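Remarks on the structure that follows.
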Amino acid sequence: MFYREAGDFKTSYRDDSQTFPIKFDRYRYYVVLAVAFGIIPFIINDYWANALLLPFLIYAIAAIGLNILVGYCGQVSLGTGGFMAVGAYACYKLMTAFPDVSMFIHVLLAGGITAFVGVLFGLPSLRIKGFYLAVATLAAQFFLVWLFNRVPWFYNYSASGQINAPERDVFGIIVTGPNASAWATYLFCLIFLTVSAIIARNLTRGTTGRTWMAIRDMDIAAEIIGVNPLKAKLTAFAVSSFFVGIAGALFFAVYLGAVEVGEVFGIQKSFLVLFMVIIGGLGSIFGSFAGAAFLVLLPVVLKLIGVDLLGWPTDIVAHLNLVIVGALIIMFLILEPHGLAQLWRVAKEKLRLWPFPH
Amino acid sequence: MAQTQSGAEGVHSLPALLHRNATQFGDAPAYREKEFGIWQCWSWAETAKEIRAIALGFLELGVEKGDHIAVIGRNRPAHYWSMVAAQMVGAVPVPLYQDSVAEEMAYVLEHCGAKYVVCGDQEQVDKVIEIQENLHQVKHILYTDKRGMRKYDHSQMNALDDIMAEGSAGHARFDAELDKRIAAITYDDTCVMLYTSGTTGKPKGVVLSNRNVIESAKNSAEFDHLTRNEDILSYLPMAWVGDFIFSIGQAYWCGFCVNCPESADTMMTDLREIGPTYFFAPPRVFETQLTNVMIRMEDAGKFKQRMFHHFMAHAKKVGGLLLDGKSVGFADRMKYALGNLMVYGPLKDTLGYGRFRVGYTAGEAIGPEIFDFYRSLGINLKQLYGQTEATVFITVQPDGEVRADTVGVPAPDVELKIDDSGEIHYRSPGVFVEYYNNPDSTASTKDAEGWVATGDAGFIEEGSGHLRIIDRAKDVGKMADGSMFAPKYVENKLKFYPDILEVVLFGNGKDRCVAFINIDLTAVGNWAERNNVAYASYQELAGHPRVLETIRAHVEAVNKSVAADEMLSGCQVHRFVVLHKELDADDGEMTRTRKVRRGFVEEKFSDIIAALYDGSGSVSTTTEVTYEDGRKGSISATLEIVDAPVVPVAQHKVAAE
Amino acid sequence: MLDAAQTTDVQAETLLEVNNIEVIYNHVILVLKGVSLTVPKGGITALLGGNGAGKTTTLKAVSNLLHSERGEVTKGSIKYRGASVHESDPADLVEKGVIQVMEGRHCFEHLTVEENLLTGAYTRKDGNAAIQKDLELVYSYFPRLKERRRSQAGYTSGGEQQMVAMGRALMSRPETILLDEPSMGLAPQLVEEIFGIVKDLNEKEGVSFLLAEQNTNVALRFAHYGYILESGRVVMDGPAADLRENPDVKEFYLGMSDEGRKSFRDVRSYRRRKRWL
Amino acid sequence: MLDSSEGYVTEDGRKIGGVVMEMKNITLRFGGVVAIKDISFDIREGEIRAIIGPNGAGKSSMLNVISGFYVPQEGEVWFHGAKRPPMRPYEVAQQGIARTFQNIALFEGMSVLDNVMTGRLSFMKTNIFQQALWKGKAEAEEGENREAVEKIIDFLEIQHIRKTPVSRLPYGLKKRVELARALAAEPKLLLLDEPMAGMNVEEKEDMSRFILDVNDEFGTTIALIEHDMGVVMDLSDRVVVMDYGRKIGDGTPDEVRNNQEVIDAYLGVSHD
Amino acid sequence: MKTKLATLALGALMAAGPALADLVIPDLSYRTGPYAAGGIPFSDGYNDYFTLLNERDGGIGGVPVRVIECETGYNTEKGVECYESTKGEGALVYQPLSTGITYQLIPKVTADGIPLHTMGYGRTSAANGKVFSNVFNYPANYWNGASGAINYLLDENGGDLSGKKIALVYHNSAYGKEPIRTLETLAEKHGYDLTLLPVDHPGQEQKSQWLQIRREKPDYVVMWGWGVMNQVAVQEAANIRFPMENFIGVWWSGAEFDVEPAGDKATGYKALTFTGLGDDYPVYDDLRKYVADAGKAAGAGDQLGSVQYNRGLYAAMLASEAIKTAQGIHGVADIDASMMRDGMEALEMTNAKMDALGMAGFGPEFSVSCENHGGPGLVGVVQWDASTGTWNKLQDFKPTDAEVIGALIAEDSAAYAAENNISERCN
């Protein structure tokens with residue numbers, strides 16, 4: 001009903017293949033960007049940043065990464081936690097080894113290293129598919145966590161095996177450590193998310209994305225049109241791991257500040273990100289955002305309502321939380337197997353047709 | 001009068017206007033066509049180049065001055081260009097209805113003696129080839145769509161693209177000749193020849209001069225303040241004067257952009273995409289659209305339906321007033337604004353009228369309900385009254401004086417007079433030159449002073465000066481008892497019901513009136529679904545007792561309202577049938593502009609008319625149908641004849657006398 | 001009108017009655033509008049029409065398989081023996097005697113032919129002996145299957161898979177079989193063979209068929225009554241013999257012109273307007 | 001006539017060139033089952049070559065050999081005058097051989113447009129970094145290829161479903177989209193596996209028109225498997241007949257039609 | 001996007017509560033998840049003590065205490081969320097009862113100027129007040145624990161452990177890894193063999209570790225476990241008939257619920273402690289009167305007198321005493337976080353004080369200083385008797401190897417200081 005599409009026509013393929021071909025969507029996107037970059041940094045506080053926005057932004061990056069692999073390329077992965085850990089530990093090693101280098105570079109390099117590791121663990125995907133691949137990535141998850149626990153070099157031989165993010169900056173603005181201000185950490189992550197989303201969108205709408213989707217939908221047919229399955233799958237693993245690695249680095253360095261690999265990057269993280277992708281919608285960038293928002297914010301909202309508003313005991317709320325989140329996930333899977341993104345699409349379609357029903 | 005002028009702003013012809021546009025605002029869009037998934041776009045400068053290439057190609061083919069070049073195809077830039085290119089080389093473009101069957105087309109081609117034909121696609125080429133077997137006059141066929149054309153003998157046939165390429169390649173040889181021919185065009189040279197698809201008799205070729213077209217375009221454009229920023233969607237038959245004047249006359253005069261849809265099927269989608277600012281459509285388009293709106297809304301949820309009807313009721317109350325600039329209370333304005341957000345805005349947008357600035361409906365009477373519906377949404381839809389012979393414009397409705405029951409005031413430079421018999425006559429710079437090769441008809445239509453008889457009966461309303469049309473003068477007759485028989489009046493009343501698509505009323509010289517009715521398949525089909533009436537085909541639905549019952553109720557209601565009119569109370573429908581087929585232009589029952597050919601129908605279905613008058617309860621009939629390729633088929637059915645309640649009129653008569 | 005037109009039995013009891021259904025996919029895409037049809041007991045009723053006309057959707061609406069494809073019947077009713085099928089799931093319908101044989105066959109590839117057939121008897125509770133008897137019956141209709149009873153279904157040819165699918169349906173002792181595109185991808189003789197079996201089953205076992213078929217020629221030779229669907233609507237219906245003689249059906253569905261079969265080399269890029277009247 | 005290595009001229013005047021692909025004594029076995037037994041035939045440049053035979057005769061297996069899914073145990077595949085080493089299907093595709101499948105192998109989760117765009121893969125030269133950046137080379141390349149694809153979409157008259165997800169399309173349209181995808185690759189040799197399956201006459205007529213146009217206008221060599229004898233007889237220049245993995249006939253439609261062995265094994269009565 | 005905005009709006013609404021004069025103590029508890037068994041009694045004790053002070057004394061120094069409970073589920077991310085959501089309320093001190101969360105919070109609290117009390121857990125080297133200004137881990141830390149365990153074994157073995165084999169079964173996390181370095185250093189010093197047996201979170205799966213123990217037959221097993229890991233370990237030990245007397249757990253592995261599931265077989269199992277046992281203290285009379293019987297007990301109210309309940313009680317007592325000290329130092333009743341820090345740094349726990357609180361001998365005597373945030377590190381040993389269902393004291397609070405621990409603390413904190421560019425204070 002808000003859509004006004006009359007006169008919104010395309011005279012070139014460039015216009016037709018842009019991310020938001022509909023004017024209204026495009027404006028809405030600009031507004032969201034303007035608010036995210038221009039308004040939120042000025043009103044943000046520690047609570048918003050650390051409890052809501054940072055986890056949302058970082059999980060969104062991870063979800064985009066996983067979505068590329070699972071949603072676009074159809075390669076099931078349960079190793080997200082492990083790959084995030086690679087990003088985190090790579091970032092930690094870089095931060096401590098090269099203290100004077102910009103944090104920005106560290107995070108990017110951490111992503112790069114993770115991409116490399118991702119490719120290594122993606123190699124089996126050539127021979128194995130589906131459930132078996134899931135098991136293989138699960139093995140990667142356990143192996144990586146074990147590795148980071150086991151080899152003291154990774155945690156600089158600290159007594160507890162924990163890694164702690166020292167204070168680092170980008171162009172003189174502190175983005176890690178306790179003295180980083182909320183707006184700085186927020187913007188730092190937001191930039192990574194924005195760029196990740198744009199890159200993911202560019203890749204998925206172009207040749208690379210189509211080869212991924214071709215492999216996902218029918219690998220035989222993909223081969224017959226000339227897709228080299230090895231290349232397609234490994235690029236998906238690389239790009240996916242790159243994003244996941246960045247998310248891991250940010251998760252450790254900017255959000256938590258200290259990480260214990262088994263707890264933070266355990267199998268439950270893999271599942272959490274996978275849930276985000278599934279609930280958000282496989283094969284949808286927007287879905288990655290929606291899924292991350294849903295799973296990050298829902299518990300907080302439930303807690304706010306349960307504990308702060310209704311004054312219920314924390315444990316009851318915590319249990320209720322689990323029940324409600326679980327129920328919602330199940331409900332979603334039943335009612336809308338294509339996730340929030342599909343709901344969004346249908347809603348959008350309805351609004352575009354408004355007031356008509358079809 | 002403008003008879004002595006040498007051309008508006010010094011331009012004598014469409015090629016000259018094209019040159020003006022290409023030099024003054026060459027980068028502005030001139031044509032768009034939806035093809036290959038996007039709107040392909042040509043600026044005025046590019047257009048000028050393309051048209052020149054076609055013209056050069058024509059010269060290469062050997063087109064002589066005064067030759068007729070027929071153009072048969074859907075609305076495409078290349079076809080419009082061909083027409084202008086034809087003018088450039090001094091030839092006369094003759095656009096034809098692309099859905100004509102070969103037989104019809106043969107008459108026109110023979111009558112104008114076209115030596116060259118620009119065809120849209122294989123279908124048209126096939127028809128021309130078939131005609132050529134008997135005609136042997138066509139020297140060369142050009143076609144725009146190459147699909148399927150590969151295997152044809154190309155000795156007398158070419159793709160338009162190819163002759164453009166050839167023309168461009170040989171431009172050195174023809175440039176001078178072309179420029180000479182362009183320069184030689186005068187203001188009173190023939191601009192175009194359009195065949196009227198008369199409801200009676202054979203088509204007549206109306207010759208329109210550059211003066212007719214440019215003056216009419218200029219006057220009408222100024223009347224509605226059209227600018228070169230307008231976008232129009234060209235989807236009406238190219239052979240119709242309306243399309244010519246809007247898509248070529250006004251477009252060249254104003255320099256606005258002509259958008260061509262991808263195909264007839266995608267018209268509605270394309271309409272929405274383009275969102276024209278200036279729009280022209282016969283009432284049928286609006287009727288169909290409104291029917292669709294109502295049908296789709298009926299499928300909506302309860303909440304949406306209630307909201308829709310609530311706000312539409314409000315729009316009915318104040319929408320028209322707001323559009324006319326009348327004063328409306330603040331609360332009503334606010335509510336209208338809310339309605340605009342929730343209903344009118346999105347509705348206009350989905351229909352494609354989001355950018356609608358001004359638009360016209362013409363060609364037939366539009367139902368007041370329908371007309372008001374669009375206006376209440378804030379769509380500035382107006383009526384005009386016109387003819388091919390007048391280069392469209394006779395009367396138009398000025399902003400703020402828009403009413404459903406009149407057709408407005410005389411257009412600029414148009415003079416009107418009503419003769420004693422009530423027939424409307426006019427004189428204007430748009431008055432046609434002649435009927436081609438038909439001096440008798442020319443003389444009987446246009447008198448020496450330039451007054452043209454319209455063939456319609458009407459009167460000028462006291463006070464407002466607006467023209468009101470009663471009916472086609474020729475159709476008005478007398479009943480056996482001497483009372484007036486005005487079929488259009490009754491037919492229109494019936495057609496305003498969404499269920500009824502077409503009506504033909506009979507009764508001239510008889511003691512009572514009977515009618516043929518076509519149901520609207522979309523509307524009635526939807527009603528059937530809602531009411532769990534099963535049907536498989538049009539014929540079955542048309543004969544369904546419940547449908548007949550519904551139609552009977554409509555007829556009854558119309559009878560009541562007709563009875564209230566003293567003059568016409570004799571025109572009540574006593575009996576009717578719902579026809580087993582839709583009246584169709586292919587079968588000759590309608591003109592290509594979808595006007596009923598009363599005489600033809602009367603003759604063709606004489607058995608049914610006889611049954612209507614002889615009191616039988618049903619009639620079995622077999623009807624011939626014609627396919628586009630000329631082959632005949634037939635359908636047979638048994639039709640039930642329905643008696644409709646009539647209001648006794650005796651008292652009225654007594655009272656009247 | 002329908003009963004009178006039925007060539008087999010004027011008084012035939014109506015088994016399936018589809019009344020004015022509308023089907024919408026994904027909440028917004030309208031695929032069927034106002035489709036009505038009836039299947040009489042002991043009849044072979046054909047649904048004809050092009051791709052996307054709604055034949056398969058109609059069958060799925062009857063067998064309640066739409067949900068898996070995000071479709072739903074939003075209007076109208078479907079009754080089997082007078083009772084609405086809307087509430088029953090596909091498995092219930094099988095018990096009521098309605099079974100669908102899907103397009104593209106859908107055999108259990110890793111099971112043998114015989115195992116595949118036996119899965120069809122899954123809902124039955126009348127004991128092994130009866131099932132064995134029916135198995136023999138199926139083999140009597142499909143002797144090819146008997147030859148290949150031990151082969152894995154995935155390794156049988158397309159025609160055999162179609163037979164397996166039909167045989168499996170028979171094992172549930174259905175009263176009505178909804179048959180979707182039985183001829184697809186089959187060699188000409190096989191098409192004849194399959195339809196011959198349909199006819200046999202219909203005549204000897206009294207099974208009623210509602211079949212969706214592209215191959216109008218064959219379908220109209222074997223069916224008693226036909227419905228032609230276009231763009232989600234029924235545009236024509238009538239006894240098969242009548243339909244075969246209809247000039248439009250001839251032109252558009254049988255590929256016949258006045259001069260006999262048209263060559264596929266002489267096809268035009270445009271097409272005559274259909275005048276379904 | 002057929003023996004001339006220089007090609008031949010068809011009844012309707014098309015010139016058929018030299019041998020593009022030659023199958024020499026191909027034998028293919030799955031375990032103990034022989035799917036193809038010592039079959040040889042050739043495909044000439046510009047011709048429409050039909051492969052017919054009963055279900056299970058090994059026709060699809062033959063196409064799978066040509067497109068690299070199966071490597072025959074015996075025999076040689078010659079392409080453009082050179083013996084072809086065993087290749088992966090994507091390498092075969094890169095050599096200019098495109099195909100469609102009997103059971104349709106489209107990418108169900110993608111729109112029609114994207115499906116056809118995948119066919120342009122071999123024309124995509126930008127690397128992943130350029131694509132991530134999008135602006136510049138990748139965008140330009142996308143536009144150019146889109147244009148090519150739109151021509152094909154227009155050619156096959158599937159404009160109206162351009163942005164529809166393939167999964168929503170009925171069978172017949174999917175077949176058409178699959179053909180579009182194969183054409184997008186601008187193949188030298190096009191293999192069609194039952195292009196007319198599941199179509200009514202009207203749709204078969206369309207598909208015939210497309211196949212003829214592709215062959216004639218683009219000069220594409222076509223090999224097709226089809227059951228509709230009307231289509232096969234009308235469209236094809238030469239026909240190979242297979243039965244139980246053996247070749248039982250090879251020649252012009254008329255020759256094949258009158259071959260007693262073919263009639264017995266496949267045609268049954270003559271189909272006209 | 002819409003959900004997000006709604007949440008933000010809701011969050012803003014929450015944050016804007018009325019500002020009453022009160023002492024805010026966040027309780028980052030975990031009553032759910034695999035560690036709830038320990039989290040619940042601790043949190044109950046922590047809460048109940050403050051309730052007691054409010055009910056009986058009207059708060060501390062006349063200012064009521066407001067405890068904000070926030071469920072972390074022992075999860076670091078939720079811990080961060082709890083910290084961020086409560087710190088704005090004027091939180092005085094954090095007691096997360098999780099080493100993982102402690103590591104997140106150390107930099108944050110330092111930046112925010114809020115003290116963090118990690119009693120007997122957390123980062124051991126935080127005992128060095130010169131580096132860790134806002135972190136306190138008195139009265140004892142892990143390295144005290146490790147040393148205490150070894151000391152006890154030394155006592156049992158007449159001061160000589162050379163050639164003995166000791167296995168460490170530990171939770172494979174920062175918490176479990178903490179004692180490793182001390183045990184290794186002590187191994188060098190005392191000549192015993194140390195075998196490390198990590199158990200992954202949550203700790204239900206220990207079959208392979210105990211198989212290894214059965215194979216290698218260590219003389220002693222020391223355990224750093226938490227939550228469900230403890231009971232599984234005790235059960236497994238019983239299953240392989242490992243002598244319970246030679247099995248000694250840290251204080252977090254020495255509660256009733258850790259041993260009860262193993263039944264009689266658990267008898268003899270030993271654990272370290274730094275708090276008193278049972279409910280035989282005068283303070284319990286008041287607790288019953290003002291809290292439990294008044295229906296104001298936290299949780300189910302059934303944990304009174306249990307080991308971890310007593311720890312919670314003790315932690316709360318230390319906090320309230322630090323508040324009193326801070327009130328004394330600054331002369332303000334409604335203190336803020338930085339005053340609280342001063343109070344904690346100046347905290348002195350004497351027997352007399354504890355006596356007055358009705359908690360005589362509940363914990364060791366100690367005092368905190370600028371340099372030393374860790375207290376004296378006195379460690380006691382208790383032993384389980386399944387027949388009575390009680391823990392019995394084997395050894396009173398005794399000092400640990402300050403020399404070794406001190407050096408390790410200095411080393412680790414120096415590394416931290418270097419990494420984070422912290423200059424030493426208290427100079």
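Only a predicted model underlies this, so the values are computations on that prediction, with no experimental measurement involved. Quick note on labels: first sequence line is chain A, next is B, and so on, each numbered from 1.
- Residue B:Glu369 qualifies as open at atom CD: its count of foreign heavy atoms under 6.0 Å is 12 or below.
- Put simply, the side chain of A:Trp354 never gets that close to the backbone of B:Thr350: no donor and acceptor are under 3.5 Å apart.
- Rounded to the nearest 0.5 angstrom, B:Asn259 CG and A:Phe9 CZ are separated by 6.0 Å.
- The line from CZ of B:Arg272 to CD of A:Glu5 is 4.5 Å long, rounded to the nearest 0.5 Å.
- Atom CD of residue B:Glu273 and atom CG of residue A:Asp8 lie 8.5 Å apart, to the nearest 0.5 angstrom.
- Rounding to the nearest 0.5 Å gives a distance of 5.5 Å between NZ of A:Lys350 and NZ of B:Lys304.
- Residues B:Arg296 and A:Pro357 come closest through the heavy atom pair O-CD, 3.1 Å.
- The two residues B:Phe36 and A:Tyr13 make their nearest non-hydrogen contact at O-OH, 2.6 Å.
- For chain B, the nearby parts of A:Leu353 are the backbone and the side chain; heavy atoms of each come within less than 4.5 Å.
- At a 4.5 Å heavy-atom cutoff, the contact between B:Met307 and chain A is made by side-chain atoms alone.
- Residue-environment remark: NZ (B:Lys316) stays at or below the threshold of 12 foreign heavy atoms within 6.0 Å.
- Using a 4.5 Å cut-off on side-chain heavy atoms (C-beta onward), B:Gln40 and A:Thr11 make no contact.
- The part of A:Asp16 that comes within reach of chain B is its side chain, from C-beta onward, which places non-hydrogen atoms under 4.5 angstrom from that chain.
- Other residues, nucleotides and ligands place no more than 12 heavy atoms under 6.0 Å from the CZ atom of B:Arg306.
- Side-chain contact between A:Arg4 and B:Pro346 is present, with at least one heavy-atom pair separated by less than 4.5 Å.
- Heavy-atom pairs under 4.5 Å with chain A peak, among B:Gly345, B:Gly354, B:Gly352, at B:Gly345.
- To the nearest 0.5 Å, atom CD1 of residue B:Ile38 and atom NZ of residue A:Lys10 are 11.0 Å apart.
- By the neighbour-count criterion of 12 heavy atoms within 6.0 Å, atom NZ of B:Lys49 is sparsely surrounded, having that number or fewer from other residues, nucleotides or ligands.
- Of the inter-residue distances, the one linking B:Asn292 atom CG with A:Phe356 atom CZ reads 8.0 Å to the nearest 0.5 angstrom.
- Chain A forms more heavy-atom pairs under 4.5 Å with one residue of B:Thr277, B:Leu351, B:Leu347 than with any other, namely B:Leu347.
- No more than 12 heavy atoms of other residues, nucleotides or ligands shown are found within 6.0 angstrom of CD1 on A:Ile220.
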